[in-house]
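These notes concern the structure reproduced below.
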Amino acid sequence: MSQSPAFVLNVLETPEDPEGSQEPSPYDESEVHDSFHQLIQEQSRWVAEEGLELQQRQPGTGALGASDDDHETLLGPEGAPVYSMATLRILASMPSRTIGRSRGAIISQYYSRTVKLRRRAGRPQLRDMGRSARPSLRLYDLELDSAVLEEEEKRGLLVKELQSLTAAQRDHMLRGMPLSLAEKRSLREESRPPRGKRRAQRRRGLLSCCDQLRDSCVLASHNLGLALLSGLQALMPWRYALKRIGGRFGSSVLSYFLFLKTLLAFNALLLLPLLAFIVGVQAAFPPAPAGPVPTFTGLELLTGGGHFTHSVMYYGYYSNATLNQPCASPLNGSQCAPEAGSLPYNMPLAYLFTLGAAFFITCITLVYSMSRSFGESYRVGSTSGVHAITVFCSWDYKVTQRWAIRLQHDNIRTQLKELLAEWQSRQRPRSACGRLQQVAVLGLVWLLCLGTTLGCTLAVYTFSELMIESPVSAEREAVLLLLPLVVCLLNLGAPYLFRILAALERHDSPVLEVYVAICRNLILKMVTLGILCYHWLGRRVGTLKDQCWENFVGQELYRLMVMDFIFMLLDTLLGELVWRLFSEKQLKRKGKPEFDIAGNVLELIYGQTLTWLGVLFSPLLPAMQIIKLLLLFYIKKASLMANCQAPRRPWKASHMSTVFVSLLCFPSFLGAAVFLCYAVWQVKPSSTCGPFRTLDTMYEAGKVWVRRLEKAGPRVSWLPWVHRYLVEDTFPIYLVSALLLAVIYLNIQVVKGQRKVICLLKEQISNVSAPLSPPPKSLQASLLPRIWAVERDCLLSEFYQLRYIVHIHQSWRRPGCPSARTPLGRGLQRCFSDDPTPNPSPPEVAQSCPVGCPSLLPAQLLDLPSPLGQVTAPTVRVTRAGVCLDGRGLSPGPYPAQVWAGGSGARVSDGRSP
Amino acid sequence: MGNKQTVFTHEQLEAYQVGMMDQAIGGLFYRYQDLAPQLVPLDYTSCPDVKVPYELIGSMPELKDNPFRQRIAQVFSEDGDGHMTLDNFLDMFSVMSEMAPRDLKAYYAFKIYGVCADPRVGKWERTQTVTKLTRGELSTEEVSLICEKVLDEADGDHDGRLSLEDFRNMILRAPDFLR
């Protein structure tokens, strides 16, 4: 049939498509849309002038069929086209056709341009931000480009970019690219500066012998380098052991051992300056022995007293003199240095400043590592997407053992199931009664835990009071071990009790469970230590008037540390080895005990706190801690390999290590620092021993020195001034803290702003990509992005036009029912003026047409190129009641009433049906 | 390496350093050679065209029990069949090494999980990933529900598929992954 090609909206082939230079967008359509009315008028004028040949309709087909079959019968019996050429011409040039055509072209072009843009550059506005400094691999994702030409062009650009870099930078950049080795090699060859290449070639041609020699030399040096490197790697402590642990137990258990390694580094950092400036110097210039040194019995290793008391181990051994002083100066007790004229060394000052500096360095390192680990593990917006992360990012590629892999499978499965269960339970909130019950259980368990903590504290306090009341003679030093024993017993027993109590309460997430357990244990340990600190500084200082209380505190901390170590070993032995044997032999259970990472790490933190507390009174305590940690590493590793399995809980290793480092920083280090500051500034040092024996407080050593400097002359007069106005005056301290607060506040605000920007960018992303695809359910329900809305408007106007044409066409084919209210209808009316039947009103038209819409309208819309096709398919539905978009009824809006009135059930013959 | 005989020429060695983070090319070569001593010659100066079949690659202790070993071998092999040349082998180890940049790891993880650009294929791959992760012990409904939620969460631009950008974004939020 002749009409068929004219009706199909074959948009892509239309020659009048605007090409290249000015690409229209859907926005340009509004203009066209405004001229719609005018176009119709023109059409009607043209129709009126030309005159229309209209085929007389057969009366039986007056009511238009609802189905395609009807349409077929309409055309079929006559065997000739129903419409003449002129009719077809009119129809073909109807505004909807032409507008639709150009609109389709515009949209298709817009779409293809968007696609092209996306393909070429991704999202430039996002891409260009902040990524300009270093090459992003998104620039090189060659697989997205199918066109060979484009690829080559890209490659050329890449080579050019590489050429502009230095050799080292180029290698670094090439290493970071996701390309195969061969590709990298060829890129490197290409980007190598041509001059060097030529020279190399010439040389290769001429001096092959020399070249060979050079090659072998280079190769030999390379081998040497490799050997050195492998030697260095062997020096890196425990690299292989850590790999093995990671391979068998995954990164969660590995995080414990890494934390242990970190603690070792901290202790080494603390120990080195102490060794160099205090212990070493004092050992080089030993003071005169105060009395007979007790013989070594072996018990000293536990008590830290006896033989060790008068050694570099403890505070009391250090002299208050200026070492290395010429013999002329009459200073009590200290030895004369053999060589005169060398620099004097003021021991009290050295003691104070070295400790201060070591603590300061530790503090800086601690804060730095904490902030870095925070930056790594907590990123903005990292709370969402737990399912995706579980699926894609939870597999630990470190693990290689079969049983560990099976365990990991089980872990992930359980985790996913838990997530689903959690999600489902969130769908239907728990009943008030259940929640009340949970809260009651939680409160009860917390009460019990806090009660236990209180009981432990009271026990420690009464026991320490008891120890004060019954002074221990030097012979029965073993009694001194009682207090540490009690403390360690409580520290060992209470966590088990907490664990039993925790089994009663049921937390929503396993992570929360871990945090709660950590919190309880931490409270217990910190409170116990607090009581002990009070016992030492508040009570012991008073009772040990004639003795060296600093030595006593140092020894107490030493004892605590040793006891702690012994109990850790016991815990390992009983809790892991014996329990495994018991469960294997008696209970015939297959599973090994889990390695309790949180508990073990807390033990480490506790030990470190002891070290920091005691370093003032026993400068060699960090060395003890280092030995303890080294031993612990091997023991724990052996026990882990033999007795344990990886924890069943999902464990975010990086989050946890962040938490551990912050725990190390906040209660542990800060508490120790407060304790030491109090001891230095407030407590009177004992008058019989130590570097500060003549002073009121330890801090006075600094003051004395400043005073001496003042006397010494004007050369260093700035130092006393600094001391007077910056240290002693409180105002600068307030100022500095105020500034610090301001900086912190500003930082918080900046982070807030960045968060907002990220939200905006996310919104932008969804806005940009939404029109090219059906919007997700969440967006459908809440907000339609702007572009989506524009698209919808285009769609609607298109639809109205089609409806309009349908109506006119229908009324036109129906004898005597053109709508007189439209211009076209008026023009047409003339043709039907001789028809006697009155014009039916639009509602009648609607009633006369059987309801139930044909698929024509969406089909015609679907003829448009893909974006509209994608949009219309899920969203526009032609129903009995008319058109629905997303289930929302459309309001007629500014369009003529009869478009609506004549609407439902209307149909038009499209060109494709015959 | 190279204590008995010359395996690589100097140029080759220099060229290999483009791809290696570790300087342990020699050690890796011997591991490669150990996989198939009959196939791989000890002299690589003439760049022989040798491929070690996937069956041998997959039997390495690092990959043996990994549920994704086949995907890993496919991604790194030239033709996607899992058979590897020395170059591919070195590539694999350099990407999997601790020192490889995170961007690079994200890119290859993206390929290993096969979250393709095509939404339908991506869906199938996601299902496969979940099944492999859990050894197929979840019901079909659970798997599909999880996949749906994964797409909901990870698809930052809401285009119904996981792009490389989405994937990178996600990996940034999981600092433990592939460390």
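Keep in mind it's a predicted model, so treat the numbers as computed, not measured. Scope of the values below: all heavy atoms of this structure, side chains included, with no hydrogens, waters or symmetry mates.
Contacts of B:Phe68 with chain A are made by side-chain atoms alone, with heavy-atom separations under 4.5 Å and no backbone atom involved.
Between A:Leu416 atom CG and B:Lys149 atom NZ the span is 12.0 Å, to the nearest 0.5 Å. In this structure, B:Ile146 CD1 and A:Leu420 CG are separated by 4.5 Å, a value rounded to the nearest 0.5 Å.
Scanning all heavy atoms of the two residues, the minimum distance from A:His409 to B:Lys132 falls at CE1-O, 3.0 Å.
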